[in-house]
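Source: prediction; values computed, not measured. Computed over heavy atoms, backbone and side chain alike; hydrogens, waters and symmetry mates excluded. Letters A, B, ... mirror the listed sequences (proteins, then strands); counts begin at 1.
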Amino acid sequence: MMVVEAATAAADSVSPMAVGAGGGCVSLHNFRLSTVVPGSVTGEAVDYELTDADLLHKLHYLRAVHVFRAPAPGAAAALNVRELKEPMFPWLDMYFPVSGRVRRHQAADGDNAEGAKEDAAAGRPYVRCNDCGVRIVEATCDATVDEWLEAEAERGGLCKVLAYDKVIGPELFFSPLLYVQFSWNKKVTVGTNSKRHVIEQVTSFKCGGMAFGFTWAHLIGDMPSAAACFSTWAQLFSGKKVPPPTLRDPLTRPPSAAPGSMMLPPSVKATAAAVGDHWVVPTARDMVSFSFHVTEQQLKGLQLTAPASGRHQVGTFELVAALVWRALAAIRSTEEEEATRTVTVVKTTDPVPAPGGGRLGLTNEHRIGHVVATGGSSPAAADVAKLAALLAGARLDEAGAVAAAALAGPEDADVVVYGANLTFVDAEGLDVYGLELGAWRPAHVEYAVDGVGDGGSVVVHRDAGGRGRTVAAVVRRGEADRLRAALREALRVA
Amino acid sequence: MGSSAQLRRLKPLYQLVVNNILAIVAVPLAAAAVLKAAELGPGEILARLRALRPAHMFLAAFLPAAAAALYHRLRPRAVYLVDYACFRTNPNCRVPFATFLEHSRVWPGFDERSVRFMTRLLERSGLGEETCLPYAQHYIPPSRDLESSRAEAELVIFSAIDDLLAKTKMSPQDIDILVVNCSLFAPTPSFTDMIMHRYKLRKDVRNVHLAGMGCSAGLISVELARNLLQVAPWGAHALVVSTETITPNYYMGQERAMLLPNCLFRMGGAAALLSTNGANARFRLARVVRTLRGAADSAYHCVYQEEDDRGNVGINLSKDLMNIAGDALKANITAMGPLVLPASEQLLFALSFIVRKVLNNRIRPYIPDFRTAFEHFCIHAGGRAVIDELQRSLTLSDEQVEASRMTLHRFGNTSSSSLWYELAYIEAKGRMRRGDRVWMIGFGSGFKCNSAAWECIRPAVNADGPWANCIHRYPVHIPDVLKH
C-alpha cells in the first residue's frame, strides 16, 4: 500500500490544478514537495497522548489561507521559500507534536516499564514525536493577487486550491499532520533554443504576490491553537523572540473524562461504518468550498434587525449564521426539513495568552453544542432574528465532555462533528489578519474547516477591516451558487 | 594461563629493554671508554693526540660533518599541519530517521522491498538523528541538478575554509598550493578554480583537483600536498580541502547493493593547512603510507559505479567488501608497521613470523600492538561494519574506536573528511596531549587503504569546531537496532 502524495503532486505538475469555470481560472502548477523538521532531536520514543477531545475531531481538518500582496518595491525584499522555512526549525522545536506521526497502541505494548500504558486501549491512536516533520508544498500560480481577489469576490471558494488537500491515511505511519503550501505568482514562458529543445524560463515576477495556506489535522489542536501556532512562526520570521508554548507533558496520560450517558449528543453523529486508517468523513455527496463577504454596511443593516433585548445577547455571529441557516434550509429539499432543524454550534474560546495557567499550546478546548428549531415553520421560513436568538441560546459543552459522551460507545466508533448537522463555527475572536511576515501584510485571509460531513460547515470570522465578516463554508455541490444568490438577496433587502 | 600472565607482566620490561637498546649498549661502552681514559691519564692522551697526522685529523672532522650536511639536504622536509577546520552542519539540513524513511516510502520510485531494506539498514547503521543532507535532498523526489550540487559544494567548502582562515589568521594571499578532493562531482571549472575565484588567490598558486579517488582521497591529497611542499620554497602553505558532494549522487533505482550509499552518505567537508614551517603548527606529519589493491579483480570491482538495469546510476558495493577491506588493511599495516612500531613490537612480530614459517603454521600470528605506536586512532567512519571489522583486526578497545563510532553517529559517513571530524572529536574531548601520535586510516574505492601518522605538537585550546554544541552529549550508547 503506497502513499502516493508525491505521485499526485508529480501528476499535478504536469496537468495544472484549475479551479473555477469560465474565463480567468486560477490554476496552480509546478508542485514541489519538501519536508521541514524540528531543529533539535526531540528524544527517543517520545509519545504524545491524544485526549478524547482530540480524537473526537480526527476526521476533520482546518484549512487556512493567507494571501499577501507584494509590498511596494523597495519596502521589503521578496520572500523566498528558504527564508520562510528557516524559522520553522526552531518553531517546530516548540511545537514538536505537530511534526510527529499518528500510531495506534499495540495490544501488548512492549515498552511499559511501570505498566503505565497498559490501560491504553489497544488500537487507540497517539502521536509518536519522531521529528518526521511537516510537509511544505511550493506551487506556481498564474493569476496575480489582484486577479485572484477579483475572482474570489465574484465567485468565492477559491481558497481551497491554495492549501494542499490531503488527509491522514491510509498509512497512518507516513501521514503528516500539517501541510503548508506556498503559492507564488510567477510568469512562466516557454521558449525554444536553436537546437529545438524546449526550455522553461521564468521571465519576471508578474506581481510578486504570495499565498500561504495550511491544512492542519484538527486532532492536534483547534482553531485558536492553529492560529497561535502560526502566529508564533510569523513572529520568529520577523525576528522577534517568542516564549515557547506550554504543551501537554508527553509523559503524563491525560485524564479520561468520566463516561456520561451512552447516547451520542445530537451535535455529533457516528459514521455508518468504521473508517479504519483512512481518516476521511464518508459523505454521500460531493462537498465544495464556498466563501462570502459580508461588508460592514450589510452587517450594520443586519444588526438593526436583531432583537433589542432577549435572554441571550445576539451578536454578529448569530445574525450571520442565522442568515446562512435560513438560506440553506430553503435550498435543501423538503425531505431534509427535519435534519435542517438541528444545527451544531461551535464556539472557539478566545485565545487570551495568560502569563500563568493559560491555554495549552496544542489543545482541543472549544465548545460544542446544538440548537433545534422547534415550532411549526421550518427554518427556511423563520425570521432571521428568531433563528439568531435560538443560536445565541445554544447550550454549549466543553469538547472534552462531548467526547466522553460520544466515545463511550464501541471502541471503533468514529464520530463526525463538523457536518454531522449543518455546523456553524464562531471564530470572531481570532485575530486572523494579525499574521504578518516582516513587512508583508495579508490582503485576504480565510479560515475554514474541511473534511466535513453532508451537513456542511460554516465558519464566520472577521474580515480585513475587522468590521465586516467573512463566511468560509463547505457545502454540497450545487448549493454554492444558490446560496450566494440567496445571501446577496437577503443582504440587499436587509 | 599462569605463564601468559607472567609473560604479560614481563612485557613492559622487555619493551623498555628493546626500545632503548642503543642506550643500553652505549652506556656500558661509554663507561668503559671513560675508565680506559682515566687509566691512561690526561698526559698520555694528549701525547697520543699530538701523534696523529693533521690530514687524518682533518678528515676525521670533515668527513662526518660532510656526511651530516648531505644527509640533511637529502632528507625530505618535515611537513606540519598548521590547523584544520571541519564544516559545521546546520540544524536546517538535519534528517531524522523517520523523515528519511517517509521520503523513501512516499516517492513511488522505490518499491516496498527497497524501502524495507533501507529501513533495516538504517536501524542497524549506527547513524544518529542529527546527520545532515543537502537542501536539495529534502525534496520529494530529491533534485540532483547541477545548480543545487554546486550550491552544496560551495556551502561546505567555503564555510570550512572561512573557519580555517579565521583560526590560523591567514590571508588567502598566503596560500601557495591548493589541493581539493571530491570524488563524485567534478564540474568545470573545478573546485580549485571556484576557490580561487571566491578568495582571490594569487596567480601562481599550484592547484590540483582530485576526482574519482574515493573515500580515501583525503590522505591522498595530504600526501600530494606534502610532495608539492618539498619543491616549493621553504615555509610555503598548502591548503587541502576534502569533501564529497551528495546532491548529484542520490540513487533512484531499486538495486539493494546500490541503495547503501543513499542511507549512509551525509554532508560534510574539511579544510586543512599544511606547511613546512613548523612555527605555530599543531601537528607534524610523520608518515603517509598508501596501499593499492586494484590489480586484483575482486578488489577492483568492490566499489563500482555503474548503471542498473533501468539505467539509474549508482555505486555498487559488493558483498565481499569487508573481506577486501580486511586484506587491504593487512597489506597497509605490513607496510606501515616497520615505519612506526617500536623495535620491541617489530622484533616480536619478526620472531612470530619466523616461527610460523619454520615450525608450525597453526600458531596464531602475532598481531603487533599498535597502541605502542599510537595514542589515538581515526578510522574512516565508512559504516558500522567497517569499524567493527577494524576494531577486531587491530584488537582495539572501545575507547580507541569511540571517535569513529561517534562521528558516524553524529555526522554519518562524510567520505574523505570523516577522518578530520574524528580528530576534531578527540580534541573536543580534551584527550589530545603534546607528543601524542595519531593514526588516520582511510578506505576507498579501488580498493585503496591509506594511512597517515601524525604527532601532536600543540593540542586545541577549546572544543570550538563541528562538535562545539553537542560534545557534552557524547559519547552516546548506540543501540544495535534503532528504535523508531
Side-chain angles (χ1 to χ4, degrees), chain A residues 1-11 13 31-47 80-93 96 99-101 103 110-111 127-138 166 170-176, chain B residues 89-116 119 122-123 127-143 145 147-148 151-152 155 252 254 409-410 469-470 473-474 476-479 481-484:
Chain A
M1 252 203 307
M2 289 288 293
V3 176
V4 289
E5 67 178 76
T8 321
S13 63
F31 285 88
R32 294 187 73 203
L33 270 66
S34 57
T35 304
V36 165
V37 302
S40 5
V41 182
T42 295
E44 196 184 312
V46 175
D47 294 336
N80 70 43
V81 71
R82 287 188 80 153
E83 285 171 17
L84 290 165
K85 281 185 186 177
E86 191 63 37
M88 288 190 177
F89 295 93
W91 173 61
L92 287 176
D93 274 338
F96 57 90
S99 4
R101 294 291 182 268
R103 294 194 186 172
D111 52 24
V127 174
R128 166 78 107 193
C129 303
N130 56 10
D131 293 348
C132 209
V134 305
R135 196 75 77 230
I136 310 287
V137 181
E138 296 164 55
K166 265 286 183 273
E171 276 188 312
L172 295 180
F173 218 80
F174 297 115
S175 301
Chain B
T89 56
N90 196 320
N92 66 11
C93 286
R94 184 183 153 224
V95 176
F97 175 79
T99 315
F100 189 93
L101 196 58
E102 187 172 276
H103 279 216
S104 337
R105 193 85 179 91
V106 162
W107 184 62
F110 289 128
D111 65 355
E112 268 206 60
R113 276 187 76 228
S114 308
V115 176
R116 269 206 306 273
T119 310
L122 274 173
E123 284 170 349
L127 263 68
E129 300 264 352
E130 288 183 275
T131 60
C132 291
L133 282 176
Y135 182 70
Q137 292 206 340
H138 291 258
Y139 279 85
I140 310 171
S143 54
D145 58 302
E147 198 184 318
S148 307
E152 180 200 339
L155 173 69
M252 313 271 265
Q254 292 172 8
H409 183 267
R410 172 62 180 83
N469 52 11
C470 60
R473 280 187 265 123
Y474 283 86
V476 294
H477 167 69
I478 302 177
V481 178
L482 185 70
K483 202 159 74 111
H484 64 102

>> So for A:Ser40, is it side chain, backbone, both, or neither that comes closer than 4.5 Å to the heavy atoms of chain B?
In response: backbone
> In Å and rounded to the nearest 0.5 Å, what is the CG to NZ distance from A:Asn130 to B:Lys483?
Replying inline: 12.0 Å
> Would you say B:Glu102 and A:Arg135 make side-chain contact, with heavy atoms under 4.5 Å?
Replying inline: yes
> For A:Val41, is it the side chain, the backbone, both or neither that has a heavy atom under 4.5 Å from a heavy atom of chain B?
Replying inline: both
>> Can you tell me how far apart CZ (A:Arg101) and CG (B:Leu101) are? Round to the nearest 0.5 Å.
In response: 11.0 Å
> Taking the six-membered ring of A:Phe89, is NZ or CZ of B:Arg94 closer than 6.0 Å to its centre and within 45° of its axis?
Replying inline: no
>> Could you measure the distance from the CG atom of A:Asp131 to the CZ atom of B:Phe97? Nearest 0.5 Å is fine.
In response: 13.0 Å
> Between A:Arg82, A:Glu138, A:Met88, A:Lys85, which residue shows the highest count of heavy-atom pairs closer than 4.5 Å to chain B?
Replying inline: A:Arg82
>> Between B:Ser143 and A:Arg32, is there a side-chain heavy-atom distance shorter than 4.5 Å?
In response: yes
> Between B:Tyr135 and chain A, which part of the residue has a heavy atom less than 4.5 Å away: side chain, backbone, both or neither?
Replying inline: side chain
> Quick check: does any side chain N or O of B:Thr99 sit under 3.5 Å from a backbone N or O of A:Cys132, one acting as donor and the other as acceptor?
Replying inline: yes
> With a 4.5 angstrom heavy-atom cut-off, which part of B:Pro96 approaches chain A: side chain, backbone, both or neither?
Replying inline: side chain
>> Rounded to the nearest 0.5 Å, what separates atom OG in A:Ser34 from atom CD in B:Gln137?
In response: 13.0 Å
> What heavy-atom pair brings B:Pro91 and A:Gly39 nearest, and what distance separates the two atoms?
Replying inline: CB-O, 3.5 Å
> Would B:His138 and A:Thr35 count as a side chain to side chain contact (heavy atoms under 4.5 Å, CB included) if you check the C-alpha gap in whole Å, the side-chain angles of each, and the deciding distance to 0.1 Å?
Replying inline: CA-CA 6 Å; B:His138 291 258; A:Thr35 304; 5.8 Å; no
> Is the closest side-chain heavy-atom distance between A:Arg128 and B:His484 below 4.5 Å?
Replying inline: no
